[in-house]
Amino acid sequence: MNTKAAGERLRKFRKALKLTQIELAKILDISKTTLRRYERGESEITKTLAYALNALFGLNPDWLLYGKGKMFFESMKVEQLEKKVNRVPLRAVPVINTNVPAGFPDMPLENLEVSDYIYLPAERIPENSICVRVRGDSMSPEIKDGDYVLFVPAGIGDLKNGDIVIVMNEWNELMIKRFRVKNGEIYLVSDNPEYPTFKPNEAYKIVGKVIKRI
């Protein structure tokens, strides 16, 4: 992808909708600075952003990313585009790596390594949602290797028996387990029976509750 050329196309698309940077950034639930960096070619436009614009406005992702085809899949009048602008805005959920700093999750988002964003309807996704990509098959068949899960920061007091949780181990790696309580004792369970159930010690910390699988 030619980042600068893609940024120019994004700016052209925004102008076609007669939107300011502030207005489009608000619809996408990203900062004006982030949008400006996209348009200037300082940041590479992600495929998830291109698909979000397709879902909202009918934009052709191949046109935005690679300059192939027309701007829109179908011819639309300005009035139709204006109606699309009024759709429910999207929330940009950061995708973080499974290795996190020791102070996670009680730290600013800027201190985390964000690899991408997933755009989801803002009205159904909490503002503090974070996304992580699943590595391994310990939670299959419900959650498979390569899936994305959304979670919100949470502690033991926020959980109920059977919740799927995000756990940080002694190496500051995030793992996904099912939270179980038996006879007053806490256990972390894998849905895949090939993986053992274990009782967490002080080296393990429950940091989040899974709210959605993608």
Side-chain angles (χ1 to χ4, degrees), residues 1-17 19-76 80-81 84-100 109-110 112-137 143-152 166 174 176 210-214:
M1 179 200 305
N2 184 320
T3 303
K4 187 172 181 60
E8 285 293 328
R9 287 190 292 272
L10 179 60
R11 184 186 65 79
K12 183 177 179 180
F13 158 77
R14 176 175 60 78
K15 294 288 187 180
L17 267 63
L19 292 173
T20 65
Q21 286 184 335
I22 292 176
E23 289 170 334
L24 182 56
K26 184 176 180 181
I27 290 171
L28 294 172
D29 198 37
I30 60 177
S31 69
K32 178 186 174 183
T33 300
T34 298
L35 180 61
R36 184 169 62 243
R37 289 182 62 84
Y38 283 144
E39 291 192 356
R40 289 179 176 176
E42 296 171 358
S43 296
E44 184 174 299
I45 297 171
T46 63
K47 289 184 179 180
T48 49
L49 176 59
Y51 295 146
L53 292 171
N54 166 255
L56 281 171
F57 304 108
L59 176 71
N60 179 354
D62 283 339
W63 174 84
L64 176 61
L65 298 173
Y66 312 112
K68 297 179 181 179
K70 297 181 179 179
M71 182 185 297
F72 296 101
F73 283 125
E74 55 182 302
S75 298
M76 288 187 284
Q80 291 174 297
L81 290 173
K84 288 179 178 289
V85 168
N86 294 322
R87 286 188 181 182
V88 176
L90 300 178
R91 187 178 306 289
V93 180
V95 180
I96 63 171
N97 291 326
T98 52
N99 289 84
V100 294
L109 182 62
E110 304 85 70
L112 297 175
E113 186 177 343
V114 177
S115 60
D116 202 351
Y117 287 89
I118 287 181
Y119 297 85
L120 298 167
E123 64 179 6
R124 298 201 298 268
I125 303 298
E127 288 186 20
N128 61 342
S129 297
I130 303 173
C131 187
V132 66
R133 190 173 184 184
V134 178
R135 303 293 184 189
D137 62 350
I143 300 176
K144 300 180 176 63
D145 181 42
D147 285 350
Y148 291 86
V149 293
L150 268 67
F151 68 94
V152 292
I166 302 293
L174 300 183
I176 304 171
V210 173
I211 60 172
K212 187 177 182 63
R213 176 183 66 86
I214 303 176

Could you state the interatomic distance from [atom1] ([X]) to [atom2] ([Y]), rounded to the nearest 0.5 Å?
| X | Y | atom1 | atom2 | answer |
| --- | --- | --- | --- | --- |
| L65 | T46 | CG | OG1 | 8.0 Å |
| L49 | Y38 | CG | OH | 5.5 Å |
| R36 | I22 | CZ | CD1 | 9.5 Å |
| S129 | L150 | OG | CG | 5.5 Å |
| K68 | N60 | NZ | CG | 10.5 Å |
| L10 | K15 | CG | NZ | 11.5 Å |

Is there side-chain contact between [X] and [Y], with at least one heavy-atom pair below 4.5 Å?
| X | Y | result |
| --- | --- | --- |
| I211 | P126 | yes |
| I130 | V152 | no |
| V95 | Y148 | yes |
| L56 | I27 | yes |
| N97 | V114 | no |
| F57 | L24 | yes |
| W63 | K70 | no |

State plainly whether the residues E23 and K26 are in salt-bridge range, i.e. N to O under 4.0 Å.
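No, E23 and K26 are not salt-bridged.
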
Between R11 and E39, does any side-chain N to carboxylate O distance fall below 4.0 Å?
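Looking at R11 and E39, the cut-off is not met.
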
Heavy atoms only: give me the nearest R9-L64 pair and the separation to one decimal.
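Where R9 meets L64 most closely, the heavy atoms are NE-O, 3.0 Å.
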
Under 6.0 Å from the CD atom of E113, do we count more than 12 heavy atoms belonging to anything else shown?
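Counting neighbours around CD of E113, 12 or fewer heavy atoms of other residues, nucleotides or ligands fall under 6.0 Å, so no.
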
Checking side-chain contact (heavy atoms from CB on, under 4.5 Å) against I166, which of V100, V210, T98 comes through?
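Exactly one pass, corresponding to V210.
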
Backbone N or O of L59 within a donor-acceptor pair of the N54 side chain at under 3.5 Å?
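Pair found, side chain donor or acceptor close to backbone of L59.
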
